[in-house]
Amino acid sequence: MSAYAEFKRLKLDNYTFSVTSKNEVGPAPNVSKIFVAQKDKLTSIQPISITKTYLEEKNTVEVAWFPPKDKSMIQSYTIFWCKFPKERPYQCDGKLDWVDVEPYPKNQTMIHKIPLPDSEIYQLAVAANTEHYSSGMVWSTCSIIKNKVLSKVKDVTVDNTGEDFALVRWRLDCSDRGRVVVGYQIEYCPLKTESDTTTWDDAVCNTKNVTAADGEQTKILNLSPWTPYKIGVRVLTRGEPGERSDPVIERTNPALPGSEPLNMKIFATNETATVHWTPPAIPNGQIDFYKYKYWTGNKNSGLVTFSNVTNETMVELPNLLAFTEYTFEIRACNVLDSKVHGCSEFDSKATFMTKRGKPGQPNEPKVIFTNATNVEINWDTNFQLGAPEALYWDIKVSRAGEIWEQRADHDAGIRHVNGKMQNHTLDLSNLSSEKDWSPNCENSTNTNLFNFTIRAIVLVDGNNISGLWSEPITVPAYCKVPLPWLTLILVSIIATSAAIVAIIGLCRAWTWFHKKKEFFDKLGRELDDKFINASVD
C-alpha cells in the first residue's frame, strides 16, 4: 500500500513537512520531519545525466551520473529503484528500495552496481544529500541495454538558419555514453507546409551522420530557401540505432525567387490592357510584391518605358496607344529582411498589340512650291496610326500672317486624299473663292505665307475615327525665284579678298626678283673687272 500527500501552488521557499501515523490504538509516539530547501539550493546539488545500463551479468544494473555543480556540500548519494514494466516517464508501482553510497573524492563520474531480484524492468533515481537537506529524487534520463541506448535524444533545437542551411543542436542525457555511443543520425524532410504529414521514410527525406567526437551539433547544408523542414535526431550505438527524437519543424530563410511568374495572360483594348499571372513555381519566400515594366518602340518618339510595382497578381495598364505593339515584363520580389528586398533574375515577358483606335499626331509634312500656285505635299506614317493603314487623309491649308489671322476666311477648308497615298499636289488658286487668298505677285502687301497640316482617319468597327492634326508648317510662296543675295555678297567679298591677296603677292614677288637681278648684275660686273685686270698683268 502506497501513501503520499500532494501540495500544490507552493512558493519556491524552504518548507518543513512533518509525517506521523495513527491506528485504532492511537498516534505514533514519534514524528518524522522532512526539510525541503528552496528551489535554487535543490537544483544546485542535483545529480546530472543519470544513466542505467543493464549488464550482461545476471540481473545486474549499473548506475552512473555526473556530480552536481555544487558538490562540496554532498555527504552521500541515495540510489532508489522500483519495478515497472515500461521505461519512464511512467511512475513506479509497488515496493521502493534504496541504498546509500559515498561520494568519490574527486570530480569524477559516479558508478555503482545494483543486483536486482529478477530480470524485469526497473525505474531508477538518485538523490544527493547534504547535512541538512536532500536534492530529492532525480530519475534516470538514459537507459542502455546490450549496447543500445533506449532513451531519446532531447532538446533538439534549430539555433540558426540561412537560405540553404540550418544549425541543429541536441542533447543526449547519458553520463556513461563513451562505451556505447558512436555518433548521431540527423534526419530531415522538406515539407510543403508546417502541417504537412510527410513520413520519415518518404523519398524526399535525407540523413546525415555525425560522429560522437563532433559533439552535439551540426550544420545541415544544401537546403531549399523558405522551406519548412522536419528534423529529428537519433543516437547511433554499437548495437541498434536509438529511438528518434521528437521532431522539430523550422523554416529556412527567404531568398530571391528562383523562377519567373507563370501563366501570363493579357487582354487588350485600344486604350488599356489587363495582365494576369500566377506566382513563380520556386518562390523562395513569401512573394512580397511584383515589379513590372512595359514599353513600345514608337517610330516617332523612340523607346518609351513605364515601370511600377504591385502586390496583386494582376495589373491594369492605362493610356495605351491604339494599334501599337507593347512588350510587358514582370518579375517577383522578396523582402529578405526588414531593410533589404530583392527581385528575381528570372522574368516573364510577352508582347501584345492594342486594338484599332484613334490615330496620334502625324509628323510635319514636307511642302515644296513648284511654281507660284502649285505646291507638292509629302508625309509619312512613322507615327501611331491607330490601324494597319489610313482610310483617308485630311489636308488643311490656310493663310498665315497677322492680317489673315484676323480674317474668318483664312482657312480654305479640308481636302481628302486616299489613305494609301503619302503625297499630293494642290493648286492654291483653286482652293478658295476669295480673289486675294491665292498668291498675288503684283500686290507687294500680300505676305504669301501659308499653313499646311494633315491628319489620318481610320476605320474602327464601322466608324470613321479622326486623329490629331499635325503641327502646322508655315511656308512662303514666291512669284519668282529670289536672288541669292547672301550668296552674291559672300562671293563678292571672297573674290575681292582673293584679288587683294594676289596683288600683294605679285608686288612682293616683283620686288624680290628686282633685288636679286640687281645683285647678280653687280656681281657679274665685279667678276669681269677682276678677270680683265688679271690678264693684263
Side-chain angles (χ1 to χ4, degrees), residues 298-302 304 321-322 358-387 389-458 464-495:
N298 190 293
K299 297 178 181 178
N300 188 28
S301 57
V304 181
L321 302 177
K358 183 177 180 179
Q361 186 178 47
N363 300 315
E364 290 183 352
K366 295 181 180 179
V367 180
I368 301 175
F369 275 87
T370 57
N371 58 35
T373 57
N374 284 351
V375 62
E376 183 177 327
I377 306 173
N378 296 274
W379 62 90
D380 57 48
T381 58
N382 294 332
F383 69 101
Q384 180 254 321
L385 186 56
E389 62 180 7
L391 179 64
Y392 59 88
W393 299 90
D394 283 345
I395 301 176
K396 183 167 64 174
V397 184
S398 60
R399 291 302 303 263
E402 294 181 2
I403 297 176
W404 285 97
E405 288 176 357
Q406 300 173 3
R407 292 177 54 171
D409 58 350
H410 72 282
D411 195 338
I414 298 174
R415 297 295 182 268
H416 303 305
V417 180
N418 188 288
K420 296 181 179 180
M421 303 297 293
Q422 294 189 35
N423 59 77
H424 187 67
T425 300
L426 290 175
D427 185 352
L428 299 184
S429 61
N430 296 327
L431 294 183
S432 177
S433 59
E434 297 295 331
K435 294 183 179 181
D436 61 345
W437 191 91
S438 59
N440 187 351
C441 297
E442 298 177 357
N443 186 358
S444 60
T445 63
N446 195 334
T447 58
N448 292 327
L449 294 177
F450 294 85
N451 286 333
F452 296 86
T453 182
I454 64 169
R455 70 178 177 183
I457 289 81
V458 298
N464 293 355
I465 304 299
S466 300
L468 301 175
W469 287 102
S470 67
E471 290 292 336
I473 180 172
T474 303
V475 180
Y478 295 96
C479 294
K480 59 181 179 179
V481 178
L483 291 175
W485 293 110
L486 180 60
T487 303
L488 292 176
I489 292 172
L490 290 176
V491 170
S492 300
I493 294 173
I494 293 172

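What's counted below: heavy atoms across the whole structure, side chains too, no hydrogens, waters or symmetry copies.
Remark: Glu376 engages Asn378, Thr425 in a side-chain contact (heavy atoms from CB on, under 4.5 Å) (not counting sequence neighbours). Residues satisfying the side-chain contact (heavy atoms from CB on, under 4.5 Å) test with Ser398, not counting sequence neighbours, are His410, Asp411, Asn451.
Atom CG of residue Asn371 and atom CG of residue Asp427 lie 7.5 Å apart, to the nearest 0.5 angstrom. Separation of atoms CG (Leu321) and CG (Leu385) is listed at 12.0 Å; rounding is to 0.5 Å. Going from atom CG of Asp394 over to atom OG of Ser470 covers 11.0 Å, rounded to the nearest 0.5 Å. Thr381 OG1 to Trp393 CH2: the interatomic distance, rounded to the nearest 0.5 Å, is 6.5 Å. The CZ atom of Phe450 sits 8.5 Å away from atom CG of Leu431, with the distance rounded to the nearest 0.5 Å. Taken from CD1 in Ile377 to CD1 in Ile454, the straight-line distance is 8.5 Å, to the nearest 0.5 Å.
Nearest heavy atoms, Ile465 versus Pro359: O-CD, 3.9 Å. In terms of heavy atoms, Pro362 sits closest to Leu468 at CD-O, 3.2 Å. The two residues Ala400 and Thr474 come nearest to each other via the heavy atoms CB-CG2, 4.1 Å. Listed here is the closest heavy atom pair of Phe383 and Ala456: CZ-CB, 4.2 Å.
Between the side chain of Arg455 and the backbone N or O of Lys396 there is no donor-acceptor pair closer than 3.5 Å. Although no hydrogens or angles enter the test, the distance criterion places a donor-acceptor pair under 3.5 Å between the side chain of Gln384 and the main chain of Lys358. Between the side chain of Gln361 and the backbone N or O of Trp469, at least one donor-acceptor pair lies under 3.5 Å.
Taking the six-membered ring where tryptophan is involved, the planes of Tyr392 and His416 are perpendicular, since the angle between them exceeds 60° and thus also 30°. Note on ring orientation: taking the six-membered ring where Trp is involved, the planes of Phe452 and Phe369 are perpendicular (angle over 60°, cut-offs 30° and 60°).
Side-chain contact annotation: Asn363 with Asn382, donor-acceptor N/O pair under 3.5 Å absent.
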